[in-house]
Amino acid sequence: MIVTLRRNMTRENGVDLLRHALTTALFSSLIATALAISGRGAWGAQFVYSLSIGMISWLVIDVGRLMLSPDPRKLWPNGIKGVLLVLVGITAGFLGGNAIGDAWTGAPLLEFWTFAPHKFASTLVITGVAGIAICYFYYSRGKSKYLEGEIALAQRDAADARLKLLETQLEPHMLFNTLANLRVLITTDPQRAVAMLDRLNSYLRVTLGGSRALAHPLAAEFDRLGDYLELMSVRMGDRLRYTLDLPENLRDVLVPPLMLQPLVENSIRHGLEPQVEGGEITVRARRDGGLLVIEVSDTGVGIGNAPAPAEADPGGFGVAQVRERLTTVYGAQSSMTMSPLATGGTCAKITFPLPT
């Protein structure tokens with residue numbers, strides 16, 4: 001029992017105990033006031049009786065539920081145990097509280113035994129009804145809080161599963177695009193095709209052998225992006241130049257994996273590849289108040305000027321997946337925009353809250 005009590009006695013439960021004690025004291029004061037108004041005696045004496053009965057009942061029931069509950073989250077014993085606990089608590093409060101009240105007023109110990117039947121019955125009913133009403137109030141609030149926690153947990157699990165699904169869709173998407181490029185190189189430049197295959201092998205070993213966590217440091221995301229750009233550099237040569245700008249104070253910020261790579265793929269496929277001279281991609285992260293802003297800009301042909309691709313991704317699958325992942329993780333607090341640059345090219349900007 002003591003072990004169970006220690007396991008269930010968290011800081012939050014301690015706050016709940018204190019809140020229950022204060023609520024019980026308030027109810028006791030109201031009952032004492034009602035009894036005094038009805039002519040059952042002076043308010044001071046009624047207050048001592050009511051407060052003593054209420055606090056003893058609260059102590060027995062609240063501590064008892066922590067000791068008897070098998071589930072630290074529910075914090076209320078199941079079935080007959082819960083009913084018996086309430087009855088024991090009310091009985092203990094009734095007897096102990098009357099004894100304290102008698103001692104305070106100087107009346108004979110447990111004087112209620114000598115009351116007339118109707119007076120004894122009314123005293124017992126008042127105690128029982130008040131005790132059950134308060135217990136039901138605590139129980140319903142606790143159950144509501146427990147169910148809210150279960151709903152939040154289910155929503156989080158659903159969001160986690162959705163993120164993993166989106167990631168498993170993005171990885172083959174990137175692989176198919178790379179293999180399509182590799183197929184072209186095999187016929188036009190076999191030596192560079194071999195170099196690209198070596199890069200791809202190294203990239204996949206690190207990526208697929210890494211952690212399947214739902215988030216990783218932004219530094220890891222930039223490292224992964226650097227590997228991918230090096231892989232693309234094998235195919236494009238001097239036509240692809242890139243800059244990765246990650247401030248030191250943002251390196252440990254946790255972000256979902258594969259958040260930036262689809263945006264870089266989009267810049268290469270629809271910005272740089274259609275341009276004979278290629279161009280440059282810049283990926284920059286910065287802090288804007290409580291927000292993290294990441295920009296992927298290129299010096300390509302710009303929005304609306306790229307010819308329709310002959311292969312997959314006519315609808316921007318990767319970009320759509322990035323939008324969906326942002327919405328899944330950060331909701332309305334996140335945003336993603338794609339806009340033309342005055343100097344030519346395109347800038348994709350994603351914004352979401354920094355972890356607190």
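Just so you know, residue 1 is the first one in the sequence shown, and it goes up from there.
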With sequence neighbours excluded, what pairs up with [X] under the side chain to side chain donor-acceptor pair (under 3.5 Å) test?
X: Q275; result: none
X: E221; result: H216
X: S57; result: none
X: T33; result: W43

TODO: Could you list all the ring pair (Phe, Tyr, Trp, His ring centres under 6.0 Å) pairs where at least one residue sits in residues 238-261, not counting sequence neighbours?
DONE: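 Output for this query is empty, none listed.
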Can you list everything that forms a side chain to side chain contact (heavy atoms under 4.5 Å, CB included) with [X]? Sequence neighbours excluded, please.
X: T282; result: T243, E280, R284, S297
X: L246; result: L218, A219, F222, L250, R251, A285
X: V293; result: R286, D288, E295, K349, T351
X: A45; result: T105

Atom [atom1] of [X] with >12 non-hydrogen neighbours under 6.0 angstrom:
X: D245; atom1: CG; value: yes
X: E277; atom1: CD; value: yes
X: N249; atom1: CG; value: yes

- [ ] State the CG-CD1 distance between L272 and I281, to the nearest 0.5 angstrom.
- [x]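 Here the interatomic distance stands at 4.5 Å.
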Task: Closest approach of D298 to S267 (non-hydrogen atoms, all atoms of both residues) - done: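 Result for this residue pair: OD2-OG, 3.1 Å.
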Open item on the list: Show every side-chain hydrogen bond (donor to acceptor under 3.5 Å, both in side chains) that has at least one partner inside residues 332-345, sequence neighbours left out.
Closed with: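 Of all non-adjacent pairs touching residues 332-345, none passes side-chain hydrogen bond (donor to acceptor under 3.5 Å, both in side chains).
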- [ ] Would you indicate whether the side-chain heavy atoms of V319 and E265 approach each other to under 4.5 Å?
- [x]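 They are not in side-chain contact.
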Open item on the list: In this structure, would L260 and L354 fall into the same cluster of hydrophobic residues linked by side-chain contacts under 4.5 Å?
Closed with: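 Linked, L260 and L354 end up in one cluster.
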Open item on the list: Which residue is it: I350, V296, N266, L263? I am looking for the one with a side-chain contact (heavy atoms from CB on, under 4.5 Å) to M338.
Closed with: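 The side-chain contact (heavy atoms from CB on, under 4.5 Å) with M338 is passed solely by N266 among I350, V296, N266, L263.
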Open item on the list: Suppose clustering is done on Ile, Leu, Val, Met, Phe, Trp and Tyr with side-chain heavy atoms closer than 4.5 Å. Which residues sit in the same group as W104?
Closed with: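 Its cluster partners, ordered by chain and number, are V48.
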